[in-house]
Structure formats: C-alpha cells, structure tokens
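Everything on this sheet refers to the single structure shown next.
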There are 2 protein chains.
Amino acid sequence: MKPTLEEVARLAGVSRSTVSRVINEHPSVSPETRQRVWKAIQEIGYRPHSVARSLATKRTRIIGVIIPEAITKIFSDQFFAILLQGAAQATNARGYQLILSLFDDPKRQEELYAKVLKNGYVEGAVVASAPPNDPLLRALKEDRLPTVSVGKQQGLPYVDVDNYGGGRLATEHLVQLGYRRIATITGPRDHVHVQERLAGYRDVLVEHGIGFEEELVAEGGFTEAGGMAAMQRLLPNRPEAVFVQGDTMAAGVLRALRAAGLRVPDDIALVSFDDAPLASLLDPPLTTVRQPIRLLGFMAVELLLNILEGAGGSHELVLPAELVVRGSCGAIRQNGGGR
Amino acid sequence: MKPTLEEVARLAGVSRSTVSRVINEHPSVSPETRQRVWKAIQEIGYRPHSVARSLATKRTRIIGVIIPEAITKIFSDQFFAILLQGAAQATNARGYQLILSLFDDPKRQEELYAKVLKNGYVEGAVVASAPPNDPLLRALKEDRLPTVSVGKQQGLPYVDVDNYGGGRLATEHLVQLGYRRIATITGPRDHVHVQERLAGYRDVLVEHGIGFEEELVAEGGFTEAGGMAAMQRLLPNRPEAVFVQGDTMAAGVLRALRAAGLRVPDDIALVSFDDAPLASLLDPPLTTVRQPIRLLGFMAVELLLNILEGAGGSHELVLPAELVVRGSCGAIRQNGGGR
DNA sequence: ACTGTTCTTGGGAGCGCTCCCAAAACGGGG
DNA sequence: CCCCGTTTTGGGAGCGCTCCCAAGAACAGT
C-alpha cells in the first residue's frame, strides 16, 4: 500500500494542504515546516499520485502521437522512428508524456482511434500525415481534440517540410549538373506532398526551357519494389537523370539500374528525398533532399504544447528542405572529387 | 464542459450507479433501463472519464515502453521502430495503452527515468535491453515496478532471441558452403547477446575441427563506420567469409570490401544478423539471421500483461532465430541460382 | 394473500489530490 | 498592551467515477 499525502501530513504534524504546498513548491510555507514535511516524505517514501492529481487539476500533461496504418505501411520504418525521436525529445523537454498509438491493422483503425482519442488521458495529439479523407482526421475534428498534423492537412495546424522547395532543389541540382532529360518517380499522386514535390520538379524544368513530359513521370508508391518497377517503366524513355521522391524507392531504383547494367551516377544520375539513414548506406550513397524528420517531430509537439498552453503564434510551420550531396548525382566526380 | 455520468443519470432518471452498470455492461440492469441510459448517453455525448475511473479502480491500463539512450545510439532506428510495432500491436490487442519513453540524452536519463517511472500512470514497463549496469535497471528494481526486459537481464523477466543459436546458424551455414577461414565482426564485447553470438560462432568452428582464431575476430560497435573499420582490420588475415553481428555493420562491411576491390559473395561471403529492412535493400541483399524484432516486442508486452494480470507461466522467453538466405553468402549462385 | 428469495436500483463513501476560504499566528507601530 | 495588516496553516468540498450495502420491487410457491 503506497503512502499517501495524508500519511505524510500525519507524520509531519501538518495538514494535507501544507504537504501539497510543499510538494508543489508553493511560497507560503515556513522554512521549518517545509523541512519537516520533506523529512516525512523521505521517511515513508511518498510519491505523488499522478492520477489523483490529474483528476483534481483536470490536467494530465499527456499527449498522443498517432501513427496510422497508412503511414507504417507506405513510409519506411525509418521515418516514424526518427519522427518519434524528435517528438519524444520535445515531450521530455516540456515535462509531458507521450502515449504512442501505432496502428497496423487497417480494419480496426477506427475502433482503435476511438479508444485512443476518447480515453481522457490525452490532452492533444500529433498525427503523422494521413492520406486524404482519412477517417482519423474526421474523428479528431469531431472530438475537437487539439491536433497537430505532420504534413499539410486542411483545417488543422501542421508542420511540414517545404515539399515544393525540395522538389525544386533536387531538380535544380540535376539541371545545374548539365542533365536535361530528367525523369521523376513519385509516391501516390493523390497525396498533397507528392503533388507539391512534383510541382517543384515541373516548375524548374519549365523555367529552364526544358519542358515537362508526362512520359518521364512514374508512380512508385514509396516502396522499394515500387521504385524498381517505376524505374523499369522509365528506362525505355532514356532519361539521363532521375529525381526519386523517397530513399526507399531509390534503393529499388538502384537495383533496377544494376539489373539493366547501368551504373549510378556514370550512366544515370539520381537524387532522392528524405535523407533517411538508408541514404548513406546504399552504394553509391544517395544525394538526397533532407527531410528534417526529427525536427518535424520536435516542432509538431512544440506546436501542440503551445496550443494546449494557450500561447500565440502561427499554427502552420513549413521547414526548409536542404540538399545533401553525396555520390549518386555525380557532382563529386565532376568537381574533381572534392567535398 | 464535458458531460458527466451524473448528468446522464439525471437525464435518464436513474442513479449514477445504474449508469455505471450500463457503461460497464453489468448484467443486473433491466432492458428498458439500459436502453434509456444509452439514449441519454448518446443525446449528451457522454464519454467515460478515464482519469476518474483510474482513481476509483486503482488501474490505468497503461504500460510504459522505455528505450534508453544506449539503445537509440547503438542500434539502428530500425530496431526499435519494429520493436515498437510489435509492442503496440500487443498493447492494442489487450486494450491497454503505451507510454513511450525514448531517451537520447545520456546526461538526463536518470532524471527522466524518475519522471516516467514515478508518475503513477504506468502499471509496468517493457525496457529495451540496456548495457550491463544501466542505472535504469537498478531504478526499476528499487521501485518494484513490474518490468520485462527485451534482451536477457539478471533478475528480470525477459524475452530474447536465441543469440547463441543464431550465431551457430550463421556460422554453420558458411561452413556448409565450404568456407573454412571464417571471420566475425561483433558488437561491444561486454554485451551478453554479443558474447552469446560469439560463443555460437566459436563452438561451430571447433566442432568442425576448424579452430577458433582471435585474429579473425573484430569488434565493430554495431555502427556502419564500425563495421567498415572492423572489416578493414580483418582483411590482412585473408578471411574467405565473415559473420557480422548486425545488418548496419554489414552495410559498412560491404563498403569496405568494395573499396578494397573485393566482390560479395564472389571473393568473400557474408552472413549478418537482424534481418532489418535494410538487409534486403543492400546490394547484394544480405543473408542474415532473422531476429524477430516485431515478435520480440509483441511477446515482451504479452509477458508484462500476463504478469500484471497475475497469470502463471514462465518469466523467460527465448525465441528461435532463423536464417534468411539471400545473395551475400553465395548459396544461391552455388546452387544454380534457384530460390 | 402472504412469505421468502432473487433481481434491480439507489446513494453514501472513498479513491488521492487540489484549491478556496477562513482561522490562527506573527510582527510592527502607536 | 492593543490593534491592524500580513503571513502561515487547516479543513471542507469537489474533481468523476466505482463499489458496497441496503432498500424496494418482482416473482414464485404455498
């Protein structure tokens, strides 16, 4: 039986209010009373009861981080692992706790959403970007649970990387290296960030008078197998370079090119997106648009906590993308190997 | 202001006990009373208040999953991402929730441990295997919080893969393929599972009369850079094959061999450990001992919940390892390419 | 119709804390 | 010594639910 605040009060010869004041560092307690109470606390090993405190204060200081099935399936494990690291870091820094809701069964998601959202522990939620029309988002809006989306979502505060700018960076880099016939492999075309990356790619081509050709665009579904298949479909159109919207698809692209006897970057240059840990482990290591996943996680939690604590400021945050130049684009070799 | 159970009672013309009975599906409620209560619940949008319920029942149905800094640093992101998927699946299946404690600051770990362990929400914890003498484990034992370790730990219930058996599988496979001069690259030698995998490797060599040579053993620290450096140290000793205790190190091994102009598996065969998603994405895809990480996570939570619910059964679970044969060992080519 | 048993329902109290209001104590000035 | 203002401390009540015990209703048998 764990000691309670009342037992501390009895032992210290004060009231429960005084003990509560000591624990919560209320200024109006005399030094000797304070000392006596701490002594009693240590003597019986008292620890505050978070559930009782939450009931009394109507605060839990717990947030939810929700990763729907659509995310664990399409994106690599790496994405949400790093996202969680950032989210956890921000949570720890603000003295909150993080309930993780990781779903992998598309059939039970709505039932599990309800269990997570309607539990009373979670004061607000960060949701990894879901596909459009995800029932989770509708449920969140209905419940009016304060929510921040990772990835742009209509009607919700969000954090996102500059997908359009990243698409431009990748394409611009390839153009500056002298490539003209540049293909691209996308994720599912109905996802907003996929559309934005594609728009960045197209605009850069048009700005350089190269022109946009639909036959140089293939959809790869963010999987390795999808990347491989998409590259195989593109090869007959003889691209000089390819911008791939995800590192995992790029791994498939590498495999397809190897199977076709083509060397990267000698025969075809490659720039991808994400800068997941995989990117540097592949051979050649990928030139890639870094999606600051950890920072995305961190800022999403920061934004949520600011909303919960009634702080002002914007409810939309777009982080700049940056290009990480490695071997797969050929820039290093063309520049004499310097880096 | 959210509706309470008392408001439902008022609207339905019953007492709070009757409403509580309906919500909790207590049998002793007449059908028409039950219907009237549900109608009232739906009419005012009542949802049970988990915090109040937890205070009254002294149960939260929340468990902690703790990933210390030593794990996020040494092991790849992939390890705990997949572990979390398994843990989350088991948690969801049993109607519990999962507070994730992901630490990445070695200096603040003990402070954060205290915050997580001593919060009153968490009924028990799953802890990813920590290095020996991790202060977290000492804190857990002191608090007598029911704990299950992922990875063998003295004095704690645990789940683990059969590391010794896995070390044997990998080495036996290389021996059966005809290799005699087999090197090995380990993680930190003070970790129990590293010692066990090394013991499996050694015993198989000795059983085949090959003999164990310390000059064929290098420590790689479970990082890509460490794997690369370890392989570079081993090359002068002219191994025919290498057993690498982790896929991420194997990526580094591949890079080191490529830099030395050696082809896998033509010039040197490779078997690794983990079967992380990376394993199939590398070129050649890794033959690897599958560590069933997702199942480890799942079973760790199952074991914890069984302990919390007072079920009987063993407090130690060792899962068998299995070998996944891909390209890096040369078995496929030697067998005529069939698979 | 009465009695005994079973089923349904109500309400007091408690889970462990916080907070508000009031009482008590203390200190300073006249 | 008294009075007034400030500081320290105490305890009642409530946060929203569960649960236990008791009361009332319903049913069955004599």
Side-chain angles (χ1 to χ4, degrees), chain A residues 1-41 44-62 95 97 115 117-123 143, chain B residues 1-41 44-62 95 97 115 118-123:
Chain A
M1 230 285 272
K2 287 173 178 175
T4 66
L5 185 134
E6 291 277 11
E7 288 168 48
V8 175
R10 241 190 317 276
L11 192 66
V14 295
S15 80
R16 65 185 157 276
S17 296
T18 301
V19 178
S20 182
R21 285 190 189 97
V22 170
I23 285 159
N24 291 302
E25 298 177 349
H26 196 278
S28 269
V29 181
S30 78
E32 65 268 23
T33 301
R34 193 182 298 275
Q35 197 177 352
R36 209 160 74 246
V37 169
W38 276 117
K39 191 165 175 279
I41 287 172
I44 63 172
Y46 166 77
R47 281 208 296 272
H49 195 293
S50 300
V51 174
R53 171 180 278 185
S54 293
L55 183 60
T57 60
K58 295 173 181 268
R59 291 292 310 272
T60 58
R61 302 185 79 84
I62 297 181
Q97 287 177 55
K115 280 184 173 177
L117 296 176
K118 303 178 177 190
N119 67 19
Y121 292 115
V122 165
E123 296 191 17
D143 289 330
Chain B
M1 228 286 273
K2 285 172 178 173
T4 68
L5 185 133
E6 291 277 12
E7 289 169 47
V8 175
R10 236 186 326 272
L11 193 67
V14 295
S15 79
R16 65 185 157 277
S17 295
T18 301
V19 178
S20 180
R21 287 191 187 96
V22 169
I23 285 158
N24 292 302
E25 297 178 349
H26 195 279
S28 270
V29 182
S30 79
E32 64 268 22
T33 302
R34 194 183 298 275
Q35 196 176 354
R36 208 158 77 248
V37 169
W38 277 117
K39 190 162 176 281
I41 286 172
I44 63 172
Y46 167 77
R47 280 209 297 273
H49 195 293
S50 300
V51 175
R53 169 179 278 185
S54 293
L55 183 58
T57 60
K58 296 173 181 268
R59 292 292 310 274
T60 59
R61 303 184 79 82
I62 296 180
Q97 286 178 53
K115 280 183 172 178
K118 302 180 178 190
N119 67 18
Y121 293 115
V122 165
E123 296 191 17

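In the text below, chain A, chain B and the rest are named by the order of the sequence lines, each starting its count at 1.
Contact record, A:Tyr46 with A:Ile23: CE2-CD1, 3.3 Å, taken as the closest heavy-atom pair.
In this structure, CZ of A:Arg10 is placed 14 Å from P of D:dG10, rounded to the nearest angstrom. Look at CG on B:Leu5: it is 13 Å from P on D:dC15, rounded to the nearest Å. Across the protein-nucleic acid pair, A:Tyr121 atom OH and D:dC17 atom P stand 12 Å apart, rounded to whole Å. Per the geometry, CD1 belonging to A:Ile41 stands 16 Å off P belonging to C:dG16, to the nearest Å. Look at CG on B:Leu55: it is 9 Å from P on C:dC15, rounded to the nearest Å. Between the CD atom of B:Glu6 and the P atom of C:dG11 there is a distance of 10 Å, given to the nearest Å.
For the pair B:Val14 and B:Ala56, nearest-nucleotide mapping onto DNA chain C gives the more 5' position to B:Val14. Mapping A:Arg53 and B:Gly13 onto DNA chain C by nearest heavy atom places B:Gly13 at the nucleotide closer to the 5' end.
Regarding contacts with the backbone of C:dG16, a side-chain N or O of B:Lys58 is found under 4.0 angstrom from either OP1 or OP2.
Contacts between residues 16-34 of chain B and DNA chain D, defined by a heavy-atom separation under 4.0 Å, are made by B:Arg16, B:Ser17, B:Ser20, B:Arg21, B:Asn24.
Looking at residues two or more places apart in sequence or on another chain, you find a side chain to side chain contact (heavy atoms under 4.5 Å, CB included) between A:Ala12 and A:Val14, A:Val37, A:Ala40. Listed by chain and number, the residues in a side-chain hydrogen bond (donor to acceptor under 3.5 Å, both in side chains) with B:Tyr121 are A:Ser54 (sequence neighbours excluded). With sequence neighbours left out, the salt bridge (Lys or Arg N to Asp or Glu O under 4.0 Å) criterion links A:Arg59 to A:Glu123. With sequence neighbours left out, B:Thr57 forms a side-chain hydrogen bond (donor to acceptor under 3.5 Å, both in side chains) with no residue at all. Evaluation of the side-chain hydrogen bond (donor to acceptor under 3.5 Å, both in side chains) rule for B:Thr33 yields B:Ser30 as partners, not counting sequence neighbours.
Each end of the helix from C:dA1-D:dT30 to C:dG30-D:dC1 gets its own axis from five base pairs, and the two axes differ in direction by 50°, given to 10 degrees.
Considering only heavy atoms from C-beta on, B:Val51 stays 4.5 Å or farther from B:Leu55 through its side chain.
Contacts classified as salt bridge (charged side-chain N to carboxylate O under 4.0 Å, His left out) and involving residues 11-20 of chain B (residues at least two apart or in different chains) are given here: B:Glu6-B:Arg16. Residue pairs satisfying the salt bridge (charged side-chain N to carboxylate O under 4.0 Å, His left out) criterion with at least one member in residues 24-39 of chain A, sequence neighbours excluded, are absent.
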